[in-house]
Q: 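Input: one structure, supplied below.
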Amino acid sequence: MIEHSCTRCTHYDHGPCAKKVPIFGSLSDGEILKITKMITHKNYKKGEALIHEGEKSDKLFIINKGQVKRSKYTVNGKEQILDIISCGDFFGELNLFNAEQPTNFTAYAIEETEICQITKKDIDAVMAVHPDIAIKLLKEVTLRLAHAENLAQNLATKDPEVRIAQMIIEFCQKFGTKKGEGILIHLPITREEIASYVGVTRETISRKLSKFEDLGLISLVGNKQLLVIDESALLDYTR
């Protein structure tokens, strides 16, 4: 892991990392640059942990480049992936409201990932001047709580086929690229991790994906890509 000043973020095509984050959308370019000076920058290798469950932190993590999975381990030692987040996303927002509360997940870099961090002390100073940022953070907290509740409900009550269809729809929105024949998804995680995400076995994932392919809903393009041919039919599965 390499750490240095985040001023280098200004050299990226899309400007400073803070400019990519929706909660800072109301700030001027000058104010964004002030935040950039408060930020430190870290590089993580694929598979490296950014933070472990149970650790305390006083930082907001902003993904400047790459992808991160957040997960927990069950009492049986099985990984349950909570979500996959990428460039422009952030996590650790609860640390800004209560830095004494231990982190309730572990975050791993899925690929070479560049993270920018801002401390609670610095973000508190920013929110004192721009209280709308605090409101946006609270909105994000409620959205993520709702996602966690939906995940728990889906894992407990919904048919595996429905959960897999929901995951494909989610990946369409997050990682999909529209093509003439459908939506091409570059899968951010392995088949085994996909199984962990939806709470089934790897064999079930392979069987259900093959079924969707036979029905003409998707087309499997190797192990790392998936072409969604009929998104509306997959949505029907989730209703």
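Source: prediction; values computed, not measured. No hydrogens, no waters, no symmetry mates; every other heavy atom, side chains included, goes into these values. By convention here, the first residue in the shown sequence is residue 1.
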Q: Leu137 and Glu93: which non-hydrogen atoms are nearest, and at how many Å?
A: CD2-CB, 4.0 Å
Q: For Leu227 and Glu181, what are the C-alpha separation, side-chain angles and deciding distance, and is it a side-chain contact (heavy atoms from CB on, under 4.5 Å)?
A: CA-CA 8 Å; Leu227 180 68; Glu181 61 272 36; 3.4 Å; yes
Q: Mind checking the OG1-CG spacing from Thr238 to Leu234? Nearest 0.5 Å is all I need.
A: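 Those atoms lie 8.5 Å apart.
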Q: With no hydrogens and no angle check, is any side-chain donor or acceptor of Asp89 less than 3.5 Å from a backbone partner on Ser86?
A: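 Yes; judged by distance alone, with no hydrogens or angles, the pair exists.
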Q: For the residue pair Phe90 and Cys116, establish whether any side-chain heavy-atom pair is separated by less than 4.5 Å.
A: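 With C-beta onward as the side chain, the pair stays apart.
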Q: Give a yes or no on this: more than 12 heavy atoms of other residues, nucleotides or ligands lie within 6.0 Å of atom CD of Gln225.
A: yes
Q: CD1/Ile84 to CZ/Phe175 distance, rounded to the nearest 0.5 angstrom?
A: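 Output value for this atom pair is 6.0 Å.
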Q: Does any part of the side chain of Ile168, heavy atoms only, come nearer than 4.5 Å to the side chain of Ile164, both counted from C-beta?
A: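 Answer yes - side chains close enough.
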Q: Does NZ belonging to Lys120 count more than 12 external heavy atoms closer than 6.0 Å?
A: yes
Q: Taking Ser28's backbone N and O only, do any of them form a donor-acceptor pair with Glu31's side chain (distance below 3.5 Å, no angle check)?
A: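 Yes, Glu31 side chain to Ser28 backbone: donor-acceptor pair under 3.5 Å.
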Q: Going from CG on Leu220 to CG on Leu226, what distance comes out if it is rounded to the nearest 0.5 angstrom?
A: 5.5 Å
Q: Could you give me the CA-CA distance, side-chain angles and deciding distance for Ser232 and Asp230, then say whether side-chain hydrogen bond (donor to acceptor under 3.5 Å, both in side chains) is met?
A: CA-CA 6 Å; Ser232 61; Asp230 194 340; 2.8 Å; yes
Q: Report yes if some heavy atom in the side chain of Ile135 is under 4.5 Å from a heavy atom in the side chain of Leu138; otherwise report no.
A: no
Q: Would you call Lys45 and Glu112 a salt bridge, using N to O less than 4.0 angstrom?
A: no
Q: So, the side chain of Thr113 versus the backbone of Glu111: is there a donor-acceptor pair under 3.5 Å, distance only?
A: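 Yes, because the side chain of Thr113 sits within donor-acceptor range (under 3.5 Å) of the backbone of Glu111.
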Q: Any Lys/Arg nitrogen of Lys211 or Glu161 sitting under 4.0 Å from an Asp/Glu carboxylate oxygen of the other?
A: yes
Q: Heavy-atom distance under 4.5 Å between the side chains of Ile63 and Ile115, does that happen here?
A: yes
Q: Can you name the side-chain hydrogen bond (donor to acceptor under 3.5 Å, both in side chains) partners of Ser196, sequence neighbours left out?
A: none
Q: With a 3.5 Å cut-off and no angle check, do the side chains of Gln117 and His41 form a donor-acceptor pair?
A: no
Q: Between Leu60 and Asn95, does the side-chain contact (heavy atoms from CB on, under 4.5 Å) criterion hold? Intermediate values first, please.
A: CA-CA 7 Å; Leu60 182 72; Asn95 303 337; over 6 Å; no
Q: If I take atom CG from residue Leu94 and atom CG from residue Asn104, how far apart are they, to the nearest 0.5 angstrom?
A: 7.0 Å
Q: Would a 4.5 Å heavy-atom cut-off, applied to side chains only, mark Val200 and Arg163 as touching?
A: yes
Q: Is the positively charged end of Lys69 above the ring of Tyr108, judged by distance under 6.0 angstrom from the centroid and angle within 45° of the axis?
A: yes
Q: Within a strict 4.5 Å, meaning less than it, do heavy atoms of the Leu235 and Ile169 side chains meet?
A: yes
Q: Is it true that a side-chain atom of Asn76 and a backbone atom of Lys78 form a donor plus acceptor pair closer than 3.5 Å?
A: no
Q: Just wondering, more than 12 heavy atoms not from Lys72 lying within 6.0 Å of its NZ?
A: yes
Q: Within the structure provided, determine whether Ile229 and Ile218 are in side-chain contact (heavy-atom separation under 4.5 Å).
A: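 No, side chains not in contact.
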Q: Apply the test side-chain hydrogen bond (donor to acceptor under 3.5 Å, both in side chains) to residues Ser71 and Glu79: give CA-CA distance (whole Å), side-chain angles for both, the deciding distance (0.1 Å), then the verdict.
A: CA-CA 7 Å; Ser71 60; Glu79 183 184 33; 3.0 Å; yes
Q: Measuring only between side-chain heavy atoms, which start at C-beta, is Leu209 closer than 4.5 Å to Ile205?
A: yes
Q: If I take atom CZ from residue Arg202 and atom CZ from residue Arg207, how far apart are they, to the nearest 0.5 angstrom?
A: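 Result: 14.0 Å between the selected atoms.
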Q: Could you go step by step and tell me if Ile123 and Met127 meet the side-chain contact (heavy atoms from CB on, under 4.5 Å) rule?
A: CA-CA 6 Å; Ile123 200 73; Met127 289 191 294; 4.2 Å; yes
Q: Using a distance-only test with no angle check, is there a side-chain donor-acceptor pair under 3.5 angstrom linking Glu170 and Tyr197?
A: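 The answer is yes; a qualifying pair exists.
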Q: For Lys121, does the NZ atom sit with more than 12 other heavy atoms under 6.0 Å from it, leaving out its own atoms?
A: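 At most 12 heavy atoms, drawn from other residues, nucleotides or ligands, come within 6.0 Å of this atom.
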Q: Looking at Phe171 and Pro188, what are the two nearest heavy atoms and their distance?
A: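 The answer is CE2-CD, 4.0 Å.
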Q: With hydrophobic residues grouped by side-chain heavy-atom distances under 4.5 Å, do Val221 and Leu215 end up in a single group?
A: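 Different clusters: Val221 never reaches Leu215 through Ile, Leu, Val, Met, Phe, Trp or Tyr contacts under 4.5 Å.
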Q: Roughly how far apart are Ile194 CD1 and Lys208 NZ, rounded to 0.5 Å?
A: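 Interatomic distance, Ile194 CD1 to Lys208 NZ, rounded to 0.5 Å: 15.5 Å.
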Q: Is a donor on one side and an acceptor on the other found under 3.5 Å between the side chain of Thr103 and the backbone of Glu53?
A: no
Q: Tell me if a side-chain donor or acceptor on Ser57 pairs with a main-chain N or O of Lys59 at a distance below 3.5 Å.
A: yes
Q: Kindly assign one of parallel, tilted or perpendicular to the pair Phe91 and Phe61, based on the angle between their ring planes and the thresholds 30° and 60°.
A: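 Ring orientation, 0 to 90° scale: parallel.
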